[in-house]
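Data block below; observations after.
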Amino acid sequence: MTVTTESFAAGTVVGGPSLPQERRLVTAIPGPRSQELLARKAEAVAVGVGHSAPISAVAAGGGVIVDADDNSLIDLGSGIAVTTVGNAHPKVVEAVQRQVAAFTHTCFMVSPYESYVAVAEALNRLTPGDHAKKSALFSTGAEAVENAVKIARKHTGRQAIVAFDHGYHGRTNLTMALTAKTMPYKSGFGPFAPEVYRAPLSYPFRDGLTGAEAAARAISMIEKQIGGDQVAAVIIEPIQGEGGFIVPADGFLPALVEWCRDNGVVFIADEVQTGFARTGAMFASELFGIVPDLITTAKGLAAGLPLAAVTGRAEIMDAAHPGGLGGTYAGNPIACAAALAAIDAYETEDLPARAAEVGAIIRHRFTALQAGDARIGDVRGLGAMMAVEFVDPTTKEPDAALAAAVAKAAIAEGVIVLTCGTYGNVIRFLPPLSIGDELLNEGLDVVAEALASV
Ligand SMILES: *Cc1c(COP(=O)(O)O)cnc(C)c1O
């Protein structure tokens, strides 16, 4: 089957798992049709909107993305941890088609519909903890984070919010303030929202601290600089995503949660990237043995349709007055239909277990490589959220140029990988869980060859 821009326009493109599961390079990357699109992009789209892989995507599914030149690239990024169930998953496609033909929008705040409530029920059931829970739906991860902060402030009557080094929470004004890294997320875009404080993280590869030590350091900073009775919420990603897939030392997160409980502070786990089977559990919080008061979700929730949520303790969620939460598109019915189908896939296909298998393959490969290549400073992650941190072999200084060169070389050979990290020296692996072992291994071979060649 050949996928082209013309067949896409004619409505005959079928993506999903039936696409041939192969890496296929028909042209150099980018091919002529992709170059044509990128030239139009340069003319029409603001330069602030970047891209990683220079292609014109026309279909995707299983573990591949097919471009307009009929190249088939192995996808190790899932559109940044979004298409975890697989792109154009048949159940998602079917649910979306059914919903779009019935109605596209009524606004849940005007005329409610069942799928929104069903998504809330599913989130209340699936998120950690057996306490009474409620949810509210939004469209983007940043919007979910903003609303979690609103709810925590209303509930506590306090203003201060504590975020962490290497944290990433979005690109809106408040979430820029919460985000640690200036370039490219914040530089020149201030002033930022007030009453946001930054605490030190646990970063075992670089700080050498135990979880208890790192937590004591963070708590001491909070108590000295803000005061526990002034803090509305502590917000943290269980594993920092954009910040470099930093897995905190054991005990760090439980100690923070305990301090929050003792001080009447709302603990918010931002699971926008870690949520929905990605880490080998439905939510990463489970793997650290914590029960957050509020949890934000988005990326994996609706298989690519824009949907986000805040879920948490009913008494906290209900602090916001009627009409205080919402949005015109928040909980859009097409996105809710997609989410219900995706959640069904996570559960019936046991995707948390598949994430653990995928992660084991990636970890095994790079741990073996690390033994003979001192440029690989650290191999870390949980489940199918894995990363490799590149360093100068003698000084351990971050080597961002190496990470960028490896990613570029891999993409040129037909494997899409993403970089991340405060220092830009991390390559992250977030494959769709619909990828087969053989294709995954081929993708990792290409990344290994790219590393050997640069
Ligand atoms: C991506 C991300 C966000 C922002 O989500 P958007 O949908 O891009 O607004 C927030 N928090 C985390 C942890 C993320 O990874």
Side-chain angles (χ1 to χ4, degrees), residues 48-52 77-84 127 136-150 152 161-181 184-186 189 192-193 196 198 201 233-248 253 267-279 283-285 288 290 292 294-312 327 329-332 335 338-339 342 381-387 418-422 426 428-430:
V49 184
H51 62 259
S52 305
S78 300
I80 318 184
V82 169
T83 53
T84 306
T127 48
L137 303 187
F138 303 97
S139 303
T140 68
E143 213 188 345
V145 169
E146 294 246 359
N147 280 279
V149 169
K150 278 166 67 173
I161 306 295
V162 176
F164 284 80
D165 283 339
H166 310 288
Y168 178 84
H169 300 286
R171 295 174 180 270
T172 58
N173 188 264
L174 174 59
T175 59
M176 278 193 292
L178 295 168
T179 291
K181 188 177 176 180
Y185 306 121
K186 303 168 73 162
F189 298 146
F192 303 109
V196 171
R198 191 162 314 286
L201 187 70
V234 162
I235 181 163
I236 189 165
E237 302 155 85
I239 301 172
Q240 274 59 30
E242 305 304 301
F245 283 27
I246 304 163
V247 184
L253 292 172
F267 182 90
I268 305 170
D270 182 354
E271 292 230 25
V272 166
Q273 191 156 163
T274 51
F276 293 99
R278 181 48 62 187
T279 60
F283 296 96
S285 292
F288 294 102
I290 58 168
L294 299 180
I295 177 163
T296 53
T297 55
K299 290 187 168 94
L301 170 56
L305 279 284
L307 191 68
V310 183
T311 300
Y329 300 110
N332 168 274
L382 285 173
M385 182 172 184
M386 290 295 304
L418 305 172
T419 57
C420 67
T422 297
V426 176
R428 54 175 153 174
F429 298 96
L430 294 162

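The figures here come from the full heavy-atom set of this structure, side chains too, leaving out hydrogens, waters and symmetry mates. Just follow the structure's listing: the first ligand is 1, and inside any ligand the first atom is 1.
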Check your understanding: Do the side chains of Met385 and Gln273 get nearer than 4.5 Å, heavy atoms only?
Key -> yes
Check your understanding: In terms of atom number and element, which parts of ligand 1 are under 4.0 angstrom from non-hydrogen atoms of Ala142?
Key -> 4 (C), 5 (O), 6 (P), 9 (O)
Practice item. Using a strict cut-off of 4.0 Å, indicate which atoms of ligand 1 neighbour a heavy atom of Thr140. Key: 7 (O), 9 (O)
Check your understanding: Which atoms of ligand 1 have any heavy atom of Tyr168 under 4.0 Å away?
Key -> 1 (C), 2 (C), 3 (C), 11 (N), 12 (C), 13 (C), 14 (C)
Exercise for review: Go through the steps for Leu382 and Thr274 under the test side chain to side chain contact (heavy atoms under 4.5 Å, CB included), then give the verdict.
Suggested key: CA-CA 9 Å; Leu382 285 173; Thr274 51; over 6 Å; no
Practice item. Please could you name the atoms of ligand 1 that Asp270 approaches to less than 4.0 Å, counting only its heavy atoms? Key: 10 (C), 11 (N), 12 (C), 13 (C)
Check your understanding: Counting only heavy atoms, which portion of Lys299 has something under 4.0 Å from ligand 1: side chain, backbone, both, or neither?
Key -> side chain
Exercise for review: Establish whether atom 9 (O) of ligand 1 and some protein heavy atom are separated by less than 4.0 angstrom.
Suggested key: yes
Point to revise | Enclosure of Tyr329 OH (heavy-atom neighbours >12, cutoff 6.0 Å) | key: no
Check your understanding: Nearest 0.5 Å, what's the OG1-OH distance between Thr422 and Tyr168?
Key -> 12.5 Å
Review point. Below 4.0 angstrom, N of the basic side chain to O of the carboxylate: do Glu242 and Arg428 qualify?
Key: yes
Practice item. Run the numbers for me: atoms of ligand 1, each under 4.0 Å from some heavy atom of Glu237, listed by number. Key: 13 (C)
Review point. Gly141 to ligand 1: N or O pair under 3.5 Å?
Key: yes
Check your understanding: Hey, are the side chains of Ile246 and Phe164 touching, using non-hydrogen atoms and a 4.5 Å cut-off?
Key -> no
